[in-house]
**Student:** 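Questions regarding the structure given below will be posed in turn.
The analysis underlying the following values was restricted to heavy atoms, covering all of them including side chains, and did not include hydrogens, waters or symmetry mates. As the structure is a prediction and not an experimental result, all values here were calculated from the model. Chain identifiers are assigned alphabetically (A, B, ...) following the order of the sequence lines, protein sequences preceding nucleic acid strands; residue numbering begins at 1 within each chain.
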Amino acid sequence: MRETLFIWTLTLPVFFSLWALMSLRSIHPIVRFSNIIGLVAGFTLSVFNFINTEPTYFINYAMGNWEAPIGIVLYADKVILFLIALVYFIALIVSFFSYERFFGVYASLFYLLLAGLLGMIATKDLFNLYVFIEVSALSAYALLATGGKRAYYAVFNYLIMSGLTASFYLIGLAIVYATSGSLNIDDIKQFYLTQNNPPIELLTLSALFIVVSLTTKAAIFPLHVWMPNVYSFAPSYVSAFIAGVMTKVNAFALFKVLIWLFLPVIDFSQIKTILLVMASVSIIYGAYMAFRSYDARRIYAFSSLSQMGYIFVGFSLGTPLSIFAALLHMAHHAINKSMLFLTASKIIPQDRNQNLACFYNLFKRSKLLGISMFISAISMIGLPPFSGFFSKLFLVKASLYENLWVIGFIVIGSLLTAVYFFRLLEHLFSYSIEDTQQQEASAELIRLTWPEKLSLALYISVLVTFIFLSHHLYHALMPSIESWGIFK
Amino acid sequence: MIPLVLISALFSVGVAGLIISANLLKKLMALNIVQVSIILLFLELSYKKGGMPPISDLGTVDQIVNPLPHALMLTAIVVGIATTGLGLALLIQIQRHFGTLDASELKTLIRQDLNNSGVPIDA
């Protein structure tokens, strides 16, 4: 029964993407609502699956009853069920905020992107991972390119860089497949572990190709160059979903392949050093560039770069506690960054004046948006009792005995984050406006519709209960993470 | 050995074309060349001298070519086509709105467009 529900959560978006296209012409409100019912159903199924499974639960589901190495195997344990529920939650929040646009081609592409991301999380076959990476990337290109004329060149750059690195992933895959003969992660690992002389240099080369490929898609310094333009020029509600989820799922796919396949086989110290250096520089560079930016969405983009650095540091340190901290930071950043982009979607007009003056007078224009933006910014900085504090606390705890330098980077990163977010928040509370056009724009009230209020309610309820959530997640996820082995 | 050298030469031609060319359409074509070289890499891996097609009564397992890399590369070809189609659609829109497909001209044009609409430019 649980495996049926698991498969339904993965395949529901595909059916609904077809339904959204079929119901393109209808303007009946019930048909419009039926477009979003897929997300609601998927979210309830995935949360039900996560809650009703014991911490040592795992399942290997062979698609079409073709067992490995012939068939494709989907794998779910508590961590993967948690990530599926997180992706559905972000999709629910974003789609409720863009409810009046959620039909037709936009909804169809959204569901396809969701299907690609969920497949990336759940698969255990290397080529299936490539297919889902490309499905999600192509849907993302099409969604991001609806942002008007500035978005086209930025998305074209993203397409070229992402296409090139997809070819790098295939080179890594070619080396692994040629030396082992199978595409399933478990089978390849068994094959190398029972072999006398595994070709370690070749496998290290393959791991490097895959690392380069997936760190480009996860936007880590120095391969992040496509990201700030794409997030700034795309429509804000699309950026909310892409910034909230897509880079993180690519990072998780990278560490899934590294920890499950390459860790038992090759010597990891150099790759680990490379990843830690890239992640630490991302933290500082992202915060510095956000400090230098004056456009709100560009600040959010560089802030995403910085927070992805934290996630990468958590994954690269390799102890089970640091991996849990990285997963918790993924949840925290996904929820808060999506809400920041979504409030920006109500405030910043797409093609007009986009500087920080748009945020003047926000509390008078809409109390709910002002409060939610304030809470998101405070949570991103890392002040208790919101989510940022707990994820950074776990990261500090994980690096307390052996890697004290990580704490230095976390502290410096948090201070710089505080600087640019406080500069952003200062505009929320200031009332002096020079320009007449901005004066008119800042006097009009923002009216929130019922889906937007619902999604704000969901967001705030998750955020204020995050202390209980993190405690529950610790006990729920640690057995699965410990069964993965230590990434040293 | 020689086919692998040729495949890496083709890959290098594609990547060099991606870096050197200023026209966006040429960059897209260079990306296609890179993808073709990866397809040829997989086909080279499955090559067998005097191999027979994978039909059951044409030979033993040692004589039959492994069909799996060919199937994987069909998927990769489709992904390449979709990427190229999307890239061409984006190029049509860039040409329509900016009038040029040259990367350096586009950089100045977009910068001017951002300046005109008041979006603050940072570094």
**Student:** May I ask you to check whether over 12 heavy atoms, not counting those of L202(A), lie within 6.0 Å of atom CG?
**Tutor:** yes
**Student:** Do other residues, nucleotides or ligands put more than 12 heavy atoms under 6.0 Å from the NZ atom of K48(B)?
**Tutor:**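 Atom NZ in K48(B) is crowded, with more than 12 foreign heavy atoms closer than 6.0 Å.
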**Student:** Heavy-atom distances under 4.5 Å only: say whether A103(B) touches chain A with side chain, backbone, both or neither.
**Tutor:**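 A103(B) touches chain A through backbone and side-chain heavy atoms alike.
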**Student:** Do L170(A) and Q35(B) have side-chain heavy atoms sitting under 4.5 Å apart?
**Tutor:** no
**Student:** Classify the ring geometry of Y177(A) against F42(B): parallel below 30°, tilted from 30° to 60°, perpendicular beyond 60°.
**Tutor:** parallel
**Student:** Answer yes or no: does atom OH of Y288(A) have more than 12 heavy-atom neighbours from other residues, nucleotides or ligands under 6.0 Å?
**Tutor:** no
**Student:** Given a strict heavy-atom distance threshold of 4.5 Å, which part of I38(B) is in contact with chain A: side chain, backbone, both, or neither?
**Tutor:** side chain
**Student:** Among V15(B), L106(B), L72(B), which residue forms the greatest number of heavy-atom pairs with chain A at distances under 4.5 Å?
**Tutor:** L72(B)
**Student:** Measuring heavy-atom distances to chain A, does L31(B) have an atom under 4.5 Å in its side chain, in its backbone, in both, or in neither?
**Tutor:**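 For L31(B), side-chain heavy atoms alone lie under 4.5 Å from chain A.
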**Student:** Does atom CZ (F291(A)) have a neighbourhood of more than 12 heavy atoms from anything else shown, all under 6.0 Å?
**Tutor:**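 Incorrect, the count does not exceed 12.
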**Student:** Provide the closest heavy-atom pair for F127(A) versus T75(B) in the form atom of the first, atom of the second, distance.
**Tutor:** CE2-CB, 3.7 Å
**Student:** Looking at side-chain heavy atoms only, is the closest gap between L28(B) and L159(A) below 4.5 Å?
**Tutor:**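 A side-chain contact exists here, since the closest heavy-atom pair is under 4.5 Å.
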**Student:** Identify the two heavy atoms, one from D113(B) and one from K149(A), that lie closest to each other, and give their separation to 0.1 Å.
**Tutor:**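 Scanning both residues, the minimum pair turns out to be OD1-NZ, 3.5 Å.
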**Student:** Answer yes or no: is there a side-chain heavy-atom contact under 4.5 Å between D295(A) and L114(B)?
**Tutor:** no
**Student:** Does any heavy atom of chain B fall under 4.5 Å from the side chain of Y169(A), the backbone, both, or neither of them?
**Tutor:** neither
**Student:** OH of Y152(A) to CG of L24(B): how many Å apart, nearest 0.5 Å?
**Tutor:** 15.0 Å
**Student:** Select one option (side chain, backbone, both, neither) describing which atoms of V155(A) are under 4.5 Å from chain B's heavy atoms.
**Tutor:** both
**Student:** Considering non-hydrogen atoms only, spot the tightest contact between A174(A) and L45(B) and give its length.
**Tutor:** O-CD1, 3.7 Å
